[in-house]
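Sequence positions, counted from 1, serve as the residue numbers for this chain.
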Amino acid sequence: MFAPSDLDVLVPTKDRPGALAVTLGGLAAQTVSGFRVVISDQSNESVADDPLVAAQLRILDHRDRPVAVHRHLPPRGMAEQRAFLLGRAERRLVLYLDDDVWLEPEAVEVLLSAIGDLRCGFVGYALHGLSYRDDVRPAELAPYEEWTDGVRPERVRRESPAWRRHTLHNASNPLHLARKHLGSPGPREWRAYKVAWIGGCVLYDRERLLECGGFDFWRSVPSRHAGEDVVAQLRVMERYGGAGLLPSRAYHLELPTTVTDRRAECYDYVFETAWAH
């Protein structure tokens, strides 16, 4: 089993101090303490100077969740931002948490329990978009499949049937999946299911992520890119497996994305280019 002291929470942020304050408030309210929070700040103005963020930093420190804030400029894209954070991690596990995600109080405790039991490369929560909570999409829920006998390595690519699992995480589909397959789960109950990838809240075994290259591919992609988390997870999943967890205990704040130019997908540069050569 893993303890909170085995965990670094890695938070990339840029020009969203209000959302970051909500994210940090969720971390401050977790049922476990002792994890460390590392923030990479690429904002025009330091987020640590924002009164709401500063208050949350004090609360986290007071509640035995020490925080390190790094000013990291100039921006070179999200892959480089995540690589920078990984380079400052020190603990066995790293939780990449986007700066617009609120976590239920048991979220970190359950993630630690799940990766301890499953012993795979990563586990994570797909994000709820609760403005879509009444929008049920049966066709998008169809690819759902649980891991019933342990998590195994998988090779997932665009041409594989497993790629269709990406629809599981659209809109508020994680909420509808949990209602369909779990009913009323207990406060710390979870089930592992098969994914294509997970965005926004992913817990990795740090050594395994590094062994698979981490986010070092940032040097081979344009600075304006998208899908860096997809590439990292596909690599880890191929060697060590990965799983989503139901019910999701992570909620998207549904702010406009800061990655507005999505023409350059990291997948194309890492997998398609390598295949072509």
Side-chain angles (χ1 to χ4, degrees), residues 1-73 75 78 81-116 122-125 127-128 187-188 198-206 209 229 245 248-255 258:
M1 294 295 294
F2 293 108
S5 57
D6 294 317
L7 174 63
D8 280 335
V9 181
L10 309 181
V11 184
T13 192
K14 186 179 189 299
D15 297 326
R16 294 205 287 202
L20 178 63
V22 173
T23 299
L24 297 179
L27 290 173
Q30 291 299 299
T31 56
V32 294
S33 60
F35 57 84
R36 189 174 71 118
V37 181
V38 184
I39 299 171
S40 176
D41 177 23
Q42 296 189 329
S43 307
N44 291 325
E45 303 293 335
S46 172
V47 291
D49 295 333
D50 179 86
L52 293 176
V53 173
Q56 293 294 352
L57 297 178
R58 292 192 295 270
I59 292 168
L60 282 161
D61 184 67
H62 175 68
R63 291 177 58 80
D64 189 27
R65 298 153 172 89
V67 186
V69 181
H70 299 277
R71 290 283 285 159
H72 180 51
L73 296 168
M78 279 303 304
Q81 172 89 308
R82 295 188 189 279
F84 173 83
L85 281 164
L86 187 57
R88 274 135 195 86
E90 302 171 351
R91 301 183 178 186
R92 173 65 186 273
L93 303 174
V94 291
L95 170 61
Y96 276 98
L97 184 66
D98 285 357
D99 67 354
D100 57 351
V101 178
W102 182 82
L103 297 178
E104 291 183 3
E106 298 85 9
V108 169
E109 182 181 354
V110 171
L111 285 169
L112 291 172
S113 175
I115 202 166
F122 69 84
V123 297
Y125 297 126
L127 306 182
H128 288 295
R188 290 166 178 79
I198 307 169
C201 182
V202 183
L203 175 68
Y204 294 92
D205 181 306
R206 182 171 66 95
L209 176 59
D229 47 352
L245 301 182
S248 173
R249 293 173 166 86
Y251 297 81
H252 191 222
L253 301 184
E254 299 188 62
L255 299 178
T258 58

- Does the side-chain contact (heavy atoms from CB on, under 4.5 Å) test come out yes or no for Cys201 and Leu95, once each step is laid out? CA-CA 7 Å; Cys201 182; Leu95 170 61; 4.0 Å; yes
- Item | Beyond-backbone contact of His252 with Asp100, side-chain heavy atoms, under 4.5 angstrom | yes
- Message: Using every non-hydrogen atom in the two residues, find where Asn44 and Asp15 come nearest and quote the distance to one decimal.
- Response: N-OD1, 2.8 Å
- Nearest atoms (heavy-atom pairs only) where Ala68 meets Arg36: CB-NH1, 4.4 Å
- Take Arg249 and Leu103 through the side-chain contact (heavy atoms from CB on, under 4.5 Å) test and state the conclusion after the steps. CA-CA 6 Å; Arg249 293 173 166 86; Leu103 297 178; 5.9 Å; no
- Do Arg63 and Ser33 come close enough that some side-chain heavy atom pair is under 4.5 Å? no
- Message: Taking Ser43's backbone N and O only, do any of them form a donor-acceptor pair with Arg71's side chain (distance below 3.5 Å, no angle check)?
- Response: yes
- Query: Roughly how far apart are Leu97 CG and Tyr125 OH, rounded to 0.5 Å?
  - Reply: 11.5 Å
- Message: Quick one, Arg65 and Leu27 - any side-chain contact, counting heavy atoms below 4.5 Å?
- Response: no
- May I ask you to decide if Glu90's main-chain N or O and Arg206's side chain share a donor-acceptor pair within less than 3.5 Å? yes
- Message: Between Gln30 and Val108 (side chain of the first, backbone of the second, donor and acceptor by atom type, cut-off under 3.5 Å), is there such a pair?
- Response: yes
- Query: In Å, rounded to the nearest 0.5 Å, how long is the span from CD of Gln56 to OG1 of Thr23?
  - Reply: 9.5 Å
- Salt bridge present between Asp6 and Arg91 (N-O < 4.0 angstrom): no
- Identify the heavy atoms of Gln81 and Pro12 that sit nearest to each other, and give their distance. CG-CB, 3.4 Å
- Message: So, applying side-chain contact (heavy atoms from CB on, under 4.5 Å) with Pro17, which one of Asp49, Leu52, Asp41, Val53 is it?
- Response: Val53
- Task: Quick one: closest heavy-atom pair of Phe35 and Pro66, and the distance?
- Result: O-CD, 3.4 Å
- Taking the inter-plane angle between the rings of Tyr204 and Phe122 on a 0 to 90° scale, is it parallel (under 30°), tilted (30 to 60°) or perpendicular (over 60°)? tilted
- Query: Do Asp99 side-chain atoms and Leu20 backbone N/O form a donor-acceptor pair below 3.5 Å?
  - Reply: no
- Heavy atoms only: give me the nearest Leu111-Leu203 pair and the separation to one decimal. O-CD2, 3.6 Å
- Message: Holding to side chain to side chain donor-acceptor pair (under 3.5 Å), I want the full list of residues that pass it with Tyr251, two or more places apart in sequence or in another chain.
- Response: Glu104
- Distance col, row Leu24:CG vs Arg58:CZ, nearest 0.5 angstrom, shows 12.5 Å
- Looking at residues at least two apart in the chain, or sitting in another chain, which of them share a side chain to side chain donor-acceptor pair (under 3.5 Å) with Arg82? Asp98, Glu228
- Evaluate the criterion side-chain contact (heavy atoms from CB on, under 4.5 Å) for residue pair Asp229 and Val202; output intermediate values, then yes/no. CA-CA 9 Å; Asp229 47 352; Val202 183; over 6 Å; no
- Nearest-0.5 Å distance that lies between atom CD1 in Ile198 and atom OH in Tyr96: 15.0 Å
- Message: Using 0.5 Å steps for rounding, measure from the CE atom of Met78 to the OG atom of Ser40.
- Response: 8.5 Å
- Testing Arg188, Glu106, Met1 for side-chain contact (heavy atoms from CB on, under 4.5 Å) with Ser113, which one passes? Met1
- Of all heavy-atom pairs between Val67 and Ile39, which one has the smallest distance, and what is that distance? CG1-CD1, 3.9 Å
